[in-house]
Amino acid sequence: MHLTARPPFSFPAVVHSHGWRQLHPFAWDDQNERLTYLLELPTGRVTRLTFSAAADGLEVQVEPQLTQGEMEYAVRAARWIFGLDLDLQPFYTLARQEPKLAHVPETARGRVLRSATLFEDVVKTILTTNTQWGGTKRMVRGLVENFGAPLDGDTTSRAFPSPARLAELSREQIEAAVKLGYRTPYVLELARRVASGELELEALKDAGLPTDELRKELLRIKGVGGYAAANLLMILGHYDAIPIDSWAHKLVSQEFYGGEPVTPAQIEAVFAPWGEYKGLAYWFWQWETA
DNA sequence: GGTAGACCTGGACGC
DNA sequence: GCGTCCAGGTCTACC
């Protein structure tokens with residue numbers, strides 16, 4: 001299957017936009033430059049999507065064979081995962097005027113790799129908080145391996161667990177399988193709210209809400225604070241928020257404040273001139289010390 | 001609105 | 001091998 005992207009587009013730029021390619025059920029094959037992803041379909045079946053670069057977009061290998069309805073769902077998911085329809089031209093126009101960002105339009109950066117569902121990305125983001133990257137990878141892997149639906153005939157390949165699957169578990173069942181620490185009730189509560197229909201998370205993808213309202217919605221989720229909300233806003237294509245974590249403090253301190261400790265307000269001030277694109281400006285800044 | 005302390009885990013470190 | 005300390009954001013209680 002071939003999918004075209006709004007130009008300019010770079011397959012490796014999306015894959016390497018952040019660490020998501022290292023989280024199950026993504027798997028990055030560095031040697032062959034292919035990204036695989038296990039996707040659970042609305043029918044309950046699981047498909048393996050293998051993405052590689054094409055001249056004007058993506059080449060996608062789909063297995064096993066899908067029905068027409070399943071294929072349409074897989075195409076929509078693939079377009080979302082890679083942000084194939086995003087228009088970043090206004091940001092590129094600004095970036096060309098800043099030496100630290102000139103590489104962005106030249107290399108077609110700016111898109112951020114995302115999971116098929118917002119539910120999956122919210123859970124993954126919660127699992128990045130208050131832990132190191134190794135811990136995040138361990139926790140996500142544990143959820144997928146223990147609770148994800150398997151590919152037909154291959155129980156070693158599993159999709160990310162659906163809200164319904166997690167919602168039917170008890171806290172004790174999750175704790176026995178994977179140590180999420182104090183995050184267990186957060187993940188469980190989110191899964192139950194989404195599975196029950198109380199929280200229509202996927203509708204936020206194209207709700208057309210202004211950033212402030214979207215941010216408020218995200219902050220209502222237990223376990224999502226300022227950093228996590230900003231990270232999720234980036235994933236949702238709202239770039240006027242900076243995910244300020246300890247790494248951001250370090251980078252901005254060394255680059256702009258001579259190594260002196262900085263406050264979140266100072267970090268915001270540095271990127272304020274980028275307005276609605278300050279999140280992207282921060283994310284793709286060519287740091288001296290990174 | 002701002003702040004202190006608790007939350008949980010893995011890893012680093014000292015003994 | 002064991003105990004202690006620390007890093008990493010968010011929540012809750014309190015002021």
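Chain letters run A, B, ... following the sequence lines, proteins first, then strands; residues in each count from 1.
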Check your understanding: Can a donor-acceptor pair under 3.5 Å be found between the side-chain atoms of A/Y227 and the base atoms of C/dG8?
Key ->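 By the distance-only test, no, there is no pair.
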Check your understanding: Of all the choices, C/dC11, B/dC8, C/dT10, which nucleotide is nearest to the side chain of A/Y186 once you look at every atom?
Key -> C/dC11
Check your understanding: When you measure from the side chain of A/A228, which nucleotide among C/dC11, C/dT10, B/dC8 comes out closest?
Key ->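 In terms of side-chain proximity for A/A228, the closest of C/dC11, C/dT10, B/dC8 is C/dT10.
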**Study point:** A/W287 ring center near A/Y282 ring center (under 6.0 Å)
**Key:** yes
Check your understanding: What about A/Y239 and A/F91, are their ring centers closer than 6.0 Å?
Key -> no
At 4.0 Å (heavy atoms only), tell me whether [X] reaches a base, stays on the sugar-phosphate, or touches nothing.
X      : answer
A/G223 : sugar-phosphate
A/I221 : sugar-phosphate
A/G226 : sugar-phosphate
A/S246 : sugar-phosphate

[X] [atom1] - [N] [atom2] separation (whole Å):
X      : N      : atom1 : atom2 : result
A/I126 : C/dC11 : CD1   : P     : 9 Å
A/L188 : B/dC8  : CG    : C1'   : 17 Å
A/E189 : B/dC7  : CD    : C1'   : 16 Å
A/L127 : B/dC7  : CG    : C1'   : 15 Å
A/L219 : C/dT10 : CG    : C1'   : 11 Å
A/L218 : C/dC11 : CG    : P     : 12 Å
A/D245 : C/dT10 : CG    : C1'   : 14 Å
A/N130 : C/dG9  : CG    : C1'   : 5 Å

Exercise for review: Quickly, which of A/D154, A/V62, A/L39, A/D152 forms a side-chain contact (heavy atoms from CB on, under 4.5 Å) with A/R48? Name it, please.
Suggested key: A/D154
Review point. Under 3.5 Å, is there a donor-acceptor pair linking the side chains of A/T107 and A/R109?
Key: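 Note: A/T107 and A/R109 side chains meet the donor-acceptor criterion.
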Review point. If you pin A/Q132 and A/Y182 to their nearest nucleotides in DNA chain B, which one's is more 5'?
Key: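 Final value for this comparison: A/Y182.
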Practice item. Taking only the side-chain nitrogens and oxygens of A/R138, find out if one of them lies under 4.0 Å from OP1 or OP2 of B/dG10. Key: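 For B/dG10, OP1/OP2 do have a side-chain N/O of A/R138 under 4.0 Å.
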**Study point:** Atom pair OG1 (A/T125) and OH (A/Y227), whose distance is rounded to the nearest 0.5 Å
**Key:**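 It is 7.0 Å, given to the nearest 0.5 Å.
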